[in-house]
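Values in this document were obtained by computation on a predicted structure and should not be read as measured data. To find a chain, count down the sequence lines: A is the first, B the second, and so on, and within it residues start at 1.
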There are 2 protein chains.
Amino acid sequence: MSTRAYGEPVTEPRWLDEKQARAWRGYRRMRALLDLQITRDLAADSGLSDADYDVLSNLSETSPHRLRLTELATTMLWSKSRLSHHLTRMQQRGLVDREECAGDARGSIIVLTEAGLRAIEEAAPHHVASVRRHMIDLLTDDEIAALDALTHRVVTHLNETT
Amino acid sequence: MSTRAYGEPVTEPRWLDEKQARAWRGYRRMRALLDLQITRDLAADSGLSDADYDVLSNLSETSPHRLRLTELATTMLWSKSRLSHHLTRMQQRGLVDREECAGDARGSIIVLTEAGLRAIEEAAPHHVASVRRHMIDLLTDDEIAALDALTHRVVTHLNETT
DNA sequence: ACGCCCTTGTTGACATGTCACCAAAAGAGC
DNA sequence: GCTCTTTTGGTGACATGTCAACAAGGGCGT
């Protein structure tokens, strides 16, 4: 006979075993600490926030340094609202600009300005050094390979989960 | 003779090689997608935010279900200010309570309420299932071990960087 | 052309996080 | 006991993120 009391879930939850729990907690802690450190480095070296850097980085990787707002939002996994607000602030600082979209009067094309380009070009070397120092250079080749494989599998799964 | 122009950095930045870049981008993307998904699951299953869950989880893991604010903040890597604000909101929802600290009149002891305990106990199984579904169960034993080793090494390094 | 529905980007209200500052109390040195 | 410094937790102003609603335009069928 079952010992399950009224209201208890039918299936006993499958808790994480010790190794899984260690890995999960380690991931969470690394995530938090790495974020703090990289944010600090970025602000100290370049006066940019993570969000600023991401926007500039994505824009600078396109050929004519411009993207539709929706496209940029999708790439960055941001809501259009969040991006619009953030771009307004970056525009006031002269890092990006908005252009009208030929062929779609609703459209807003986000352009990397000269100042924005300079900002990301100056920030990038410091940022890469920071990423190396606090993570990449601490890993073996095998670990880099494992991280690559594992993260891409999880990403694929999450993309399919819509 | 050097071709370094005036103002250029003395040392050429060591960019990431292809494998490192793939791993780094994969990590960043997994981080973002996993966050979104787990936040969604948590809200849908339990009506809690990530922040709520973290607070409740840390409190529930202590013996008498209470912690000094500073201690909790340190454990969570949050600022005292952020924690204080968040606790005020959680207190209004009845999930936690503040007690005076015997022996230190400045002190604020954060207590998990009955409602808070119920909330975390109901949320936990769903949350673990979510973590499994979107990450842990997608990894091999070797990958779990690699993740464990790698994250703890990075965490140790970051802790030493003060 | 017209009606209909979808997409686009923005906005304002509100939730949350950050930062600088503060009062009160604890702790250290004398 | 008495300064002086540090720690503690909180607060308000402000920066940032979320959410729902919106106006304006595109695209489609007829």
Side-chain angles (χ1 to χ4, degrees), chain A residues 31-33 35-44 47-56 58-59 66-93 95-111, chain B residues 31-33 35-44 47-56 58-59 66-93 95-111:
Chain A
R31 191 189 160 297
L33 281 166
D35 244 38
L36 285 172
Q37 189 59 51
I38 286 184
T39 300
R40 262 198 301 268
D41 286 355
L42 203 48
L48 297 174
S49 68
D50 278 22
D52 296 334
Y53 189 90
D54 267 13
V55 170
L56 295 177
N58 275 289
L59 281 177
R66 61 202 68 210
L67 276 174
R68 282 292 288 265
L69 185 142
T70 296
E71 199 178 348
L72 185 52
T74 305
T75 308
M76 299 182 67
L77 300 170
W78 282 20
S79 70
K80 287 185 286 182
S81 168
R82 176 183 179 188
L83 183 55
S84 180
H85 280 302
H86 199 83
L87 287 173
T88 302
R89 296 187 291 261
M90 292 182 74
Q91 191 172 16
Q92 281 163 0
R93 294 195 283 149
L95 297 171
V96 299
D97 210 348
R98 284 171 158 98
E99 276 182 3
E100 289 181 1
C101 177
D104 187 343
R106 298 166 302 181
S108 193
I109 296 195
I110 314 305
V111 195
Chain B
R31 192 187 158 298
L33 282 166
D35 245 38
L36 285 172
Q37 188 60 51
I38 286 183
T39 301
R40 260 198 302 269
D41 286 355
L42 202 48
L48 297 174
S49 67
D50 278 21
D52 296 334
Y53 188 91
D54 266 14
V55 170
L56 295 177
N58 276 288
L59 281 177
R66 62 200 70 210
L67 275 174
R68 283 292 287 267
L69 185 142
T70 296
E71 200 177 350
L72 185 52
T74 305
T75 309
M76 297 181 70
L77 301 170
W78 281 20
S79 71
K80 288 185 286 183
S81 168
R82 176 183 180 188
L83 183 54
S84 180
H85 280 304
H86 199 83
L87 287 173
T88 302
R89 296 187 291 262
M90 291 182 73
Q91 190 172 16
Q92 281 162 359
R93 294 195 282 150
L95 296 171
V96 299
D97 212 347
R98 283 171 158 99
E99 275 181 4
E100 289 180 3
C101 176
D104 187 343
R106 298 167 303 181
S108 193
I109 297 194
I110 314 306
V111 195

Pairs under 3.5 angstrom only: tabulate donor-acceptor contacts from the side chains of residues 68-76 of chain A to other protein residues two or more places apart or in another chain.
residue, atom, partner, partner atom, Å
A:R68, NH2, A:D104, OD2, 3.2
A:T74, OG1, A:T70, O, 2.8
A:T75, OG1, A:E71, O, 2.8

Qualifying residues under side chain to side chain contact (heavy atoms under 4.5 Å, CB included), relative to [X], sequence neighbours excluded:
{"X": "A:L77", "value": "B:R29, B:A32, B:L33, B:L36"}
{"X": "B:T39", "value": "B:D50"}
{"X": "A:E99", "value": "A:R66, A:I109, A:V111"}

Is there a side-chain contact between B:R68 and the phosphate of D:dT7, meaning an N or O under 4.0 Å from OP1 or OP2? no
Are OP1 or OP2 of C:dT16 and a side-chain N or O of B:R89 less than 4.0 angstrom apart?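 Checking B:R89 against C:dT16: at least one side-chain N or O falls below 4.0 Å of OP1 or OP2.
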What residues, two or more places apart in sequence or in another chain, satisfy salt bridge (charged side-chain N to carboxylate O under 4.0 Å, His left out) together with [X]?
{"X": "A:D41", "value": "A:R133"}
{"X": "A:D54", "value": "B:R28"}
{"X": "B:R93", "value": "B:D52"}

Of the listed D:dG25, C:dT8, D:dG10, the closest approach to the A:A105 side chain comes from D:dG25
Polar-atom pairs under 3.5 Å, protein N or O versus N or O of nucleotides 3-6 of chain C: list them with distances, or write none.
none

Looking at residues at least two apart in the chain, or sitting in another chain, which of them share a side chain to side chain donor-acceptor pair (under 3.5 Å) with A:N58?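 By the side chain to side chain donor-acceptor pair (under 3.5 Å) rule, A:N58 matches no residue at all.
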Just jot down the side chain to side chain donor-acceptor pair (under 3.5 Å) partners of B:S84, sequence neighbours excluded, or say none.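 Per chain and number, B:S84 pairs via side chain to side chain donor-acceptor pair (under 3.5 Å) with B:R98.
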Integer-rounded Å distance: D:dT16 P and A:Q92 CD: 10 Å
Interatomic distance where CZ belongs to A:R40 and P belongs to C:dT18 [whole Å]: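 Going from A:R40 (CZ) to C:dT18 (P), I get 12 Å.
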Residues in contact with DNA chain C, drawn from residues 78-88 of chain B - heavy-atom cutoff 4.0 Å: B:S81, B:R82, B:H85, B:H86
Of A:S108 and A:L36, whose closest DNA chain C nucleotide lies nearer the 5' terminus?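 Closer to the 5' end of DNA chain C: A:S108.
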Net bend of the helix from C:dA1-D:dT30 to C:dC30-D:dG1, end axes of five pairs each, nearest 10 degrees: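 End-to-end axis angle for the helix from C:dA1-D:dT30 to C:dC30-D:dG1: 30°, rounded to 10°.
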For the pair A:R40 and A:Q37, evaluate side chain to side chain donor-acceptor pair (under 3.5 Å) and give the outcome as yes or no after the intermediate values. CA-CA 5 Å; A:R40 262 198 301 268; A:Q37 189 59 51; 2.9 Å; yes
Nearest non-hydrogen partners of A:C101 and A:S108, listed with the distance: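 So the two residues come closest at CB-N, 4.5 Å.
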